[in-house]
Amino acid sequence: MVCTMAFLRALLSTARMIRHSPPLSAGLPADDAVLLDAPDERLSPALVAAALGDYEPAAKLLATTRDAADWENRDRYLGRLVAFARSRDGWLVDWLAAAPRDPDALLVKAELSVRRAWESPARAERLREVGPLITAAAEADPRDPVPWRLALDHARGTHATHTAFESLWEQAVRRSAHHYGCHVAALRYLSAAWYGSHRECFDFAEQAAEDALPDSLVQALPVRAAFALLLDTQAAGRTTSVLEERIDAAADLAIRLSAAYRPGDPWPAEVRNLLAYVLLARGRWAEALHQFNLIGLHATSFPWSSVSEDALGRFLDARDGARLQAASLTPLRNRADHSRPRGHYA
């Protein structure tokens, strides 16, 4: 009887998938339409020009963010420009030659140097060598918190003490108390993979989220802490009910944050991708599928590159998995069905 019931449940699950998968796919873009880390309308021209060897659009973009004290977008655009420069940096070389003291050029140079140092087998030594570049970028515009985010990442790689890290953190938040990138850098330092623990990570993330401005991405810090825990526990095969409650609370907070932004908005795309991953890990299929609908075309490398070399492929597989699991849990009949004549075999 047990085997028979299990078989019947499997048949019903398959029937639900067949019936409900097409409707649940209605709001999802086709696989070949989804783009990984697609640039927005401000960044795209700068990347195209850089590919042609012209640095001026990138220089103008970063200068605009600095003049407007738009530190969040400044950090975001910096990351994308540096990612491009890792393989094609001729435009940056020309920029530095033309304007060696430009605060924006110095910032790109410092970030690129730090990323390359992180890839070296002699990471700590290489990072110490590029420390003066971070100092130069910070001194070029003392208002800018982004060089201090870079300093926080640098400190993690050079095994800085808690005291030294706290000193850098004070400098960062003095310039921008709610800067998302600086908070992420601090969260990484406090993670169990580096110099803290999962509980320290959650404590910091939850307090920062509580203090955050309305609709600030800092409210997504707890779900980043949840992701780090999930990666660790999936490898180790253990967790606790208390931590699971914190994971679900983090997901609930991120769901509310995601709802504050319009569907398809590229700004919260990484948070939505991260949230979808966490919801899938917790078996919250329908909620994960809703996030994939809100993501639309904007797949992001993080978090999928943390679990697969093919980030886009992993995103698409996860999206399909959410759709199929949600379909399998949807009743074969809704309440409206019961009011209609069924016929003998309905």
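Atom set for the values below is all heavy atoms of this structure, side chains included, hydrogens, waters and symmetry mates excluded.
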Pairs in or reaching into [range]: which pass salt bridge (Lys or Arg N to Asp or Glu O under 4.0 Å), with residues at least two apart or in two chains?
range            : result
residues 294-307 : none
residues 41-62   : Arg42-Asp70
residues 286-311 : Arg284-Glu287
residues 142-164 : Arg74-Asp144, Asp75-Arg149, Glu111-Arg149, Asp141-Arg143, Arg149-Asp153, Asp153-Arg156

Looking only at heavy atoms, which two atoms of Arg175 and Pro142 are closest? And how far apart? NE-O, 2.7 Å
Please report the shortest heavy-atom distance between Pro100 and Leu106, naming the atom on each side. O-CD2, 3.4 Å
If the condition is side-chain contact (heavy atoms from CB on, under 4.5 Å), which residues does [X] pass it with, not counting sequence neighbours?
X      : value
Leu221 : Tyr180, His183, Val184, Leu187, Phe204, Ala205, Ala208, Val218, Arg224
Gln207 : Glu210, Asp211
Ala98  : Tyr55
Thr135 : Glu139

ILVMFWY network linking [X] to [Y], side-chain heavy atoms under 4.5 angstrom:
X      : Y      : value
Leu133 : Val82  : no
Leu28  : Leu35  : no
Leu229 : Tyr195 : no
Trp91  : Leu62  : yes
Leu107 : Trp148 : no

Can you confirm whether the side chains of Asp37 and Ser301 place a donor and an acceptor under 3.5 Å from each other? yes
State whether the side chain of [X] and the backbone N or O of [Y] hold a donor-acceptor pair below 3.5 Å, judged by distance alone.
X      : Y      : result
Ser216 : Gln219 : no
Ser167 : Ala164 : no
Arg282 : Asp248 : no
Trp71  : Ala68  : no
Ser87  : Phe84  : yes
Glu200 : Ser197 : yes
Asn273 : Ala269 : yes
Asp102 : Ala105 : yes
Tyr261 : Leu294 : no

So, using ring-ring contact (aromatic ring centres under 6.0 Å, His included) as the criterion, who are the partners of Phe315 when residues are at least two apart? Phe292, Trp304
Would you mind checking if Arg80 and Asp40 are paired as a salt bridge, meaning a charged N to carboxylate O distance below 4.0 Å? no
Answer yes or no: is there a side-chain heavy-atom contact under 4.5 Å between Arg116 and Asp89? yes
Inter-residue atom distance [X].[atom1] - [Y].[atom2], 0.5 Å rounding:
X      : Y      : atom1 : atom2 : answer
His290 : Leu275 : NE2   : CG    : 9.5 Å
Leu78  : Thr65  : CG    : OG1   : 9.0 Å
Glu125 : Leu127 : CD    : CG    : 10.5 Å
Arg76  : Glu72  : CZ    : CD    : 10.5 Å
Leu112 : Arg115 : CG    : CZ    : 8.5 Å
Leu231 : Ser191 : CG    : OG    : 10.5 Å

Stepwise, does the salt bridge (charged side-chain N to carboxylate O under 4.0 Å, His left out) test hold for Asp317 with Arg314? CA-CA 5 Å; Asp317 288 344; Arg314 185 70 184 86; 5.6 Å; no
Has His198 got more than 12 heavy atoms of other residues, nucleotides or ligands less than 6.0 Å from its NE2? yes
Quick one: are the ring centres of Phe227 and Phe302 less than 6.0 Å apart? yes
Could you list all the ring-ring contact (aromatic ring centres under 6.0 Å, His included) pairs where at least one residue sits in residues 111-131, not counting sequence neighbours? Trp118-Trp194
With ring-ring contact (aromatic ring centres under 6.0 Å, His included) as the rule and sequence neighbours excluded, what pairs involving residues 120-141 come up? none
Hey, what's the ring geometry for Phe165 with Tyr189, parallel, tilted or perpendicular (30° and 60° as the breaks)? parallel
Please determine whether side chain to side chain contact (heavy atoms under 4.5 Å, CB included) holds for the pair Glu170 and Arg174, giving the CA-CA distance in whole Å, both sets of side-chain angles, and the decisive distance to 0.1 Å. CA-CA 6 Å; Glu170 181 182 353; Arg174 183 181 297 173; 3.0 Å; yes
Quick one: list whatever passes salt bridge (charged side-chain N to carboxylate O under 4.0 Å, His left out) with Glu129, sequence neighbours left out. Arg126
Given Ser258 and Arg272, is the side chain to side chain donor-acceptor pair (under 3.5 Å) satisfied, shown in steps? CA-CA 7 Å; Ser258 174; Arg272 284 171 169 163; 2.8 Å; yes
